[in-house]
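One-based numbering, in listed order, for ligands and for the atoms of each. Heavy-atom basis, side chains included; hydrogens, waters and symmetry copies ignored. Just so you know, these numbers come straight off a predicted model, no measurement behind them.
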Amino acid sequence: MLKRLKNIFFGKSGTVAEQEPLVIPPSKHGLSPESISKGARNVVEVLEGAGFQAFLVGGCVRDLLLGHHPKDFDVATNATPEQVKLLFRRSRIIGRRFRIVHVHMGREMVEVTTFRAHHDSESGSHTDGVKTAQGLLLRDNVFGDIGEDASRRDFTVNALYYHPTDNTIYDYASGFEHIQERKLRILGVPETRFREDPVRLLRAVRFAAKLNFELEQQTEEYIRPHGHLLAEVPPARLFDEFLKLFLSGHALKTFQLLQHYQLLGYLFPETDSQLKYDEGFYRRFIEQALINTDHRIITNMRVTPAFLLAALLWPAVKELSRKLEREGTAPIHALNQAAAMVSARQVERIALPRRYSQPMKEIWDLQLRLGRRSGNRALQLLEHPRFRAGYDFVLLREQAGEDLAGLGQWWTRFQEANPELQSQMMTSVQDSRKRPKRRRRSGRSRKSSGSGSAQTDIAPSSATDND
Ligand code: ATP
Ligand code: MG
């Protein structure tokens, strides 16, 4: 087995030697053509009808073998993107770095990729497959055959090809065996494969979390010391990866693994360093946010990346805001300045589209505003487009152990109350309006300032309205 793998992936030229795959019969794999979606089956049939090869590949085959429900079905073929496009009326070629075709079948969208080949060209000698001197792959559009395509995939368990017509699986890299062993192994030489696409570091963590797989030793050993390669990945691509990492229903486990493999600092540097100081409140806060996110996804509730980003960056925003307040800035200005500074530094790593960064900042802003409920303000706040997220954020802070003097409960009651009770509630907030006693800051060290449950100085310090 080892010899066979060596032949495939360590050939002298660095390219893939032709190799017969292991053909896995239905009696062994247990799948049937009905396991795959109608749209994907149609796509395979049309391609084969036109004389091309076509297979289901990647995550869908892996997930079916694990008894999971695949979230989408990808097809790999020897037809070029242009040839695919000619065969399907409702199709579109997308991507530059990696050109693929989106084929629409009814309400389904099937992604069709052309078999890729290795290319040794150092920058420029081949315009369709360009590597930098450091081995980073800038474009990956050199086409090849199925065996070559297998060796271009990231992990062995992602390199299985299912052929629905004869109901067999073609296994070029022992992926079937690794699925049984629940083992995640990078294909080829880890050094080369991670260098040519450092996002694979994150994909390793994502699959380990999602599939509950063990990372194979060589793959694992490579990851921890090489997180710095992620600095070469464009921030926009990291944003896409961030969504996959945190919105797939395994955010907590993924986050823990990112920390374990020392990758978090390359995605959220300020969060990472804050957590190094703080083993208490902020860790509970972020973990709770991730638990809630996972729960919402599993129960098919809507999640917004803005809320998650607001939570992940809150420790940095809050600590900076406290520092600015200590230097004499008024709370509202301190919070706004901190929000702007933390966001500006964060986008150097992960691009934050405005449609998410704007609501993220509004959620932070509401943390102060929700404490100001007197007069008619509480009613006005209910109309705020981000009220629900801001309120959920208050609940999250309390859930993580922060003492906001019952602010979350007040708002829960207020939303359920009839107009008469609402106006009473607003009045009693006003009635109890006293200047809250200023808490003397006791020159706490930075280490302790973020922990503990008394995270009350950004949010209102009590149920009294202290504006
Ligand atoms: P998911 O369930 O998250 O969609 P997936 O394995 O289908 O998992 P995709 O990102 O949809 O992941 O990619 C589909 C397939 O394309 C993968 O299974 C893998 O074979 C290949 N692939 C994707 N990204 C890379 C990469 N960066 N390097 C090499 N191969 C990749
Ligand atoms: Mg997929």
Side-chain angles (χ1 to χ4, degrees), residues 9 16 36-37 39-40 55-77 94-95 97-102 108-119 129 131 135-142 144 146-162 169-176 178-179 184-190 192-213 219 223 229-230 232-234 237-238 240-251 253-254 297:
F9 300 112
V16 187
I36 65 171
S37 72
F55 299 84
L56 273 299
V57 69
C60 61
V61 183
R62 177 199 69 215
D63 288 351
L64 283 172
L65 290 173
L66 288 167
H68 301 169
H69 190 72
K71 68 175 163 43
D72 42 39
F73 290 86
D74 298 332
V75 169
T77 177
I94 63 150
R97 185 182 164 279
F98 196 86
R99 291 169 69 228
I100 59 177
V101 191
H102 279 176
E108 208 185 323
M109 198 271 289
V110 181
E111 229 171 72
V112 182
T113 52
T114 305
F115 296 145
R116 293 309 196 267
H118 272 285
H119 36 81
K131 268 188 184 183
L136 182 75
L137 201 50
L138 299 178
R139 274 202 288 284
D140 194 2
N141 291 311
V142 179
I146 181 171
E148 291 172 311
D149 188 74
S151 71
R152 297 289 311 132
R153 302 212 163 242
D154 49 3
F155 300 98
T156 60
V157 296
N158 286 347
L160 291 167
Y161 295 75
Y162 176 60
I169 290 178
Y170 294 76
D171 180 359
Y172 288 82
S174 304
F176 189 74
H178 295 164
I179 285 190
L184 195 67
R185 177 194 168 124
I186 187 105
L187 267 165
V189 184
T192 315
R193 303 307 312 290
F194 282 122
R195 255 184 209 285
E196 62 182 22
D197 184 4
V199 164
R200 290 172 188 151
L201 297 166
L202 299 174
R203 289 175 62 86
V205 166
R206 178 158 75 84
F207 292 127
K210 169 180 156 156
L211 307 172
N212 201 14
F213 273 26
T219 307
I223 296 177
L229 294 175
L230 288 168
E232 295 170 30
V233 181
R237 189 158 175 231
L238 283 185
D240 293 343
E241 210 51 41
F242 157 77
L243 295 180
K244 291 188 190 173
L245 282 164
F246 288 96
L247 298 178
S248 309
H250 304 274
K253 177 111 188 269
T254 302
I297 287 170

Participant: For atom 3 (O) of ligand 1, what's the nearest protein heavy-atom neighbour? Residue, atom name and distance, please.
Facilitator: Arg206 NH1, 2.7 Å
Participant: Look only at the side chain of Asp171 and the backbone of Phe176, and say whether a donor-acceptor pair between them is shorter than 3.5 Å.
Facilitator: yes
Participant: Can you tell which of Leu56, Val57, Leu65, Leu64 makes a side chain to side chain contact (heavy atoms under 4.5 Å, CB included) with Leu160?
Facilitator: Leu65
Participant: If you compare all heavy atoms of Ala159 against all heavy atoms of Ala150, which two are closest, and at what distance to 0.1 Å?
Facilitator: CB-O, 3.8 Å
Participant: Look at ligand 1 and say whether Phe155 reaches it with a heavy atom at a distance under 4.0 Å.
Facilitator: no
Participant: Just jot down the ligand 1 atoms closer than 4.0 angstrom to any heavy atom of Gly59, in number order.
Facilitator: 5 (P), 6 (O), 7 (O), 18 (O)
Participant: Any non-hydrogen atom of Glu111 lying under 4.0 Å from ligand 1?
Facilitator: no
Participant: Around atom 2 (O) of ligand 1, find the nearest protein heavy atom and jot down its residue, atom name and distance.
Facilitator: Lys210 NZ, 2.7 Å
Participant: Using a heavy-atom cut-off of under 4.0 Å, does the side chain or the backbone of Asp197 touch ligand 1, or both, or neither?
Facilitator: side chain
Participant: What residue and heavy atom of the protein are closest to atom 28 (N) of ligand 1, and at what distance?
Facilitator: Arg200 NE, 2.8 Å
Participant: Taking non-hydrogen atoms only, is Val57 closer than 4.0 angstrom to ligand 1 via side chain, backbone, both or neither?
Facilitator: neither
Participant: Only heavy atoms of Asp74, strictly under 4.0 Å: list the atoms of ligand 1 that pass.
Facilitator: 11 (O), 14 (C)
Participant: If you take the nearest heavy atom of each of Thr156, Asp240, Ile186, Asp154, which one is closest to atom 19 (C) of ligand 1?
Facilitator: Asp154
Participant: With atom 13 (O) of ligand 1 as the reference point, say which of Arg153, Lys71, Arg203 has the nearest heavy atom.
Facilitator: Arg203
Participant: Consider ligand 1: state whether an atom of it lies below 4.0 angstrom from any non-hydrogen atom of Arg193.
Facilitator: no
Participant: Suppose we measure from atom 6 (O) of ligand 1 to each protein heavy atom; which comes out shortest, and what is that distance?
Facilitator: Arg62 NH1, 2.9 Å
